[in-house]
Amino acid sequence: MSAVQELFSILLNGLQLGAIFALLGIGLTIILGTMNFLNLAHGALYLIGAYAGMLTMRVVTLRTGILQDYGFTELGLGWGFLAALVIVPTIGFIVGVLMERYVAKPFYKRPHTDQLLVTFGLALVVEELVKQVIGGNTFQSTSPDTLFGLQVSGPIQLPIVGAFPRWRLIIILIAFIVIGLTWLFMEKTDWGMIVKAGTLDSEMVSLLGIRIGRSYALVFGLGAALAAFAGLIGATFETVRPQIGTQRALVPAFLVLVVGGAGSIRGAIVGGVILGTVLAGFQQTFSQWGQIAMYALVALVLVVRPQGVFGSVEVEE
Amino acid sequence: MSDNGTLLAVEDIDAYYGESHILRGLSLEVQPGEICALLGRNGAGKTTTVRSIAGASPPDVRSGTIRFRGRDVTDVPVDDRSIGGIGLVPEERRVFSNLTVAENLRMAEVSRNRSNLIGRNIGEPAETVDVDVIYEAFPRLDERRDQLAGTLSGGEQQMLAIARALRQGPDLLMLDEPYEGLAPQIVNDVEDAIGRINDEGTTILLIEQNAIAAMAISDRCYVIDQGEVVFEGPSEELEADEEIRQRYLGV
Ligand SMILES: Nc1ncnc2c1ncn2[C@@H]1O[C@H](COP(=O)(O)OP(=O)(O)O)[C@@H](O)[C@H]1O
Ligand SMILES: [Mg+2]
């Protein structure tokens, strides 16, 4: 592989990882910015999305867990990726709205440490529930073969890069379409305007007569839907197991938050792509350094620009 | 309207931040059409008073009654009070710096036409003021419609904060230190704007550090100290009362 080829392939892989990081980061950052709420259960939404996605797309064989104990060895709808594309974000949205109502709301005025404890507890509960009910084993990822009659599996020959998995390219496309739609929603609708204003000064929003509580539910639902969507995508190219919520989602989402700055959607997108590219770059060259490089980058950002690249305020204690 | 036509009546309220007791049995009234000034030293409780009236939290109002247009609004949430015609331009402007001027003004409008105020004891929602009327009154905002509010000068931000509140068509506009940090020339502009707003029928409750300027512009004054009213009366009376001025205002 030539250096240029390598570089472009790193960029593509970086975009793909970055898109998922950005999807996770957007939710976390708008929830923190708007409600000043730190949500460690954000990764659990990714986990829910991954399992819901897997079970919507296909039928899996259970090997352990309560359901299997009761004789359910086959689980899942087998409706394919397009159905999951509709169902999974919807589930995420509903879970997010419920979470806002029953978990987050009572903690809005409490210190961040209390919020961290309750949401971390929730994350553990969700992870454990999945483990107990569906089983603690690892499920292989599956991506669809065709979408709308077009082939989406196998390699595709790209200029410069050469052979690249077609599905990864499609993931990048879909993810950035969703990010773009989120962006449009925030920039072009009154709801988005209210949310943006709320990330800056939620009290002022209510002083203008707006029922900010409804925006809170919407923001939470939206952030959760994006995280679940990220989980669905993740399940098409990574293995699905109960620990992915924390390992594959929560940690990157927080790193994105630190790099991008609290409350900034633009920061989450750019931060996600930067982190994704750094990770992809190291994975491809010095693979064992990938995670460390990501943390090093975050440490660097914290030293040089504690408010994040696009943030205007530092995250309070 | 209540029997005697009082627009706002604050009756014997006690307000707290956590356990610290800030307002102690404070009462005040604002009559329709007047400019009423709320004076007092730093930390006297002026901001706490207007926040209590607006329904912002904290503070926590634990006893007493707040009546607006004769209705008891003590338990009405902050957003509904705003819809009902109680406007507050809080300290430090608080424009949305990440939104454009036009969007900041739009924020004052999106909440309107809310039909679900029934049972909220706030009466008819206040009628919004057309945005063109606002731009006409604040030509400098007009020129900067698409500029991010964060890029405006301090004076322009203050104008925007006032314009945004006005957009809601409040019956009562409370202004918390609107001249703070503004250059003298700009202070005159803001003062003119407040005068015009009042001429057009909006009642004003003004908090002002500069007692002399406040007495000049207002019809009536309240002086508060340590969360209690220590003077109320026509502004001329306060101007004549050297003892009160010396003791509570230092002028
Ligand atoms: N958020 C708060 N928490 C606790 N105490 C506060 C808070 N805001 C104001 N106070 C206290 O309440 C008192 C009145 O403050 P404030 O109403 O802001 O005074 P003023 O506006 O007249 O300068 C002061 O002693 C101040 O220290
Ligand atoms: Mg004050």
Side-chain angles (χ1 to χ4, degrees), chain A residues 26 29-30 32-36 105-106 108-111 182-219 260-270 307-313, chain B residues 18 50-51 53-58 60 76-100 102-114 116-117 120 122 125-126 128 148-150 160-161 164-170 173-174 176:
Chain A
I26 291 172
T29 203
I30 55 179
L32 176 65
T34 314
M35 292 153 272
N36 197 21
K105 207 173 187 180
Y108 283 154
K109 300 227 155 149
R110 304 269 286 268
T182 311
W183 173 267
L184 279 179
F185 174 80
M186 296 299 284
E187 292 299 318
K188 300 290 174 206
T189 67
D190 282 349
W191 278 104
M193 178 179 74
I194 293 170
V195 170
K196 266 169 76 186
T199 57
L200 203 72
D201 189 343
S202 59
E203 182 184 79
M204 194 62 231
V205 172
S206 56
L207 279 169
L208 292 174
I210 295 162
R211 277 197 193 151
I212 189 91
R214 292 203 188 157
S215 316
Y216 285 177
L218 177 86
V219 165
S264 166
I265 293 183
R266 197 161 42 134
I269 298 170
V270 176
Q307 70 273 46
V309 179
F310 289 99
S312 48
V313 284
Chain B
V50 289
R51 286 179 61 85
I53 295 167
S57 162
D60 171 24
V76 173
V78 51
D79 47 350
D80 289 345
R81 285 195 217 187
S82 166
I83 297 272
I86 302 178
L88 171 63
V89 178
E91 283 178 310
E92 287 153 9
R93 307 176 188 121
R94 313 258 298 261
V95 297
F96 301 113
S97 57
N98 56 349
L99 301 185
T100 64
E103 287 172 327
N104 265 274
L105 292 173
R106 179 148 180 76
M107 284 293 290
E109 178 189 44
V110 285
S111 57
R112 300 296 132 160
N113 310 321
R114 241 163 55 181
N116 49 3
L117 275 180
R120 294 295 188 130
I122 193 73
T128 42
L148 285 180
L160 178 57
R164 184 177 61 184
L166 274 184
R167 182 87 217 280
Q168 300 189 281
L173 182 61
M174 301 187 288
D176 195 346

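In what follows, chains are A, B, ... by sequence order, proteins preceding strands, each numbered from 1.
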Looking only at heavy atoms, what is the nearest atom pair of [X] and [Y], with distance?
X      : Y      : result
A:A197 : B:M107 : CB-CE, 3.5 Å
B:A56  : A:E203 : CB-OE2, 3.9 Å
A:L207 : B:S82  : O-OG, 2.9 Å

Point-to-point distance, once rounded to the nearest 0.5 Å, from CG of A:D201 to CZ of B:R93:
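Those atoms lie 14.0 Å apart.
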Hey, what do you get for CD (B:E103) to CG (A:D190), rounding to the nearest 0.5 Å?
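Here the interatomic distance stands at 9.0 Å.
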Pick whichever of B:G55, B:S97, B:G87, B:P170 has the most heavy-atom pairs under 4.5 Å with chain A.
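The residue among B:G55, B:S97, B:G87, B:P170 with the greatest pair count is B:S97.
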Residue A:E187 excluded, over 12 heavy atoms near CD under 6.0 Å:
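Yes - once you tally the heavy atoms of other residues, nucleotides and ligands closer than 6.0 Å, there are more than 12.
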Is there a side-chain contact between B:F96 and A:M204, using heavy atoms and a 4.5 Å cut-off?
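They are in side-chain contact.
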Do the non-hydrogen side-chain atoms of B:D80 and A:R211 ever get within less than 4.5 Å of each other?
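Sidechains of A:R211 and B:D80: in contact.
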Heavy-atom distances under 4.5 Å only: say whether B:L99 touches chain A with side chain, backbone, both or neither.
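Side chain only.
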Checking B:R167 against chain A: side chain, backbone, both or neither under 4.5 Å from a heavy atom?
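Neither part.
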For B:V110 and A:I210: C-alpha separation, side-chain torsions, deciding distance, then whether side-chain contact (heavy atoms from CB on, under 4.5 Å) applies.
CA-CA 8 Å; B:V110 285; A:I210 295 162; 3.6 Å; yes
Donor-acceptor pair, B:D79 side chain versus A:I212 backbone, under 3.5 Å?
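No.
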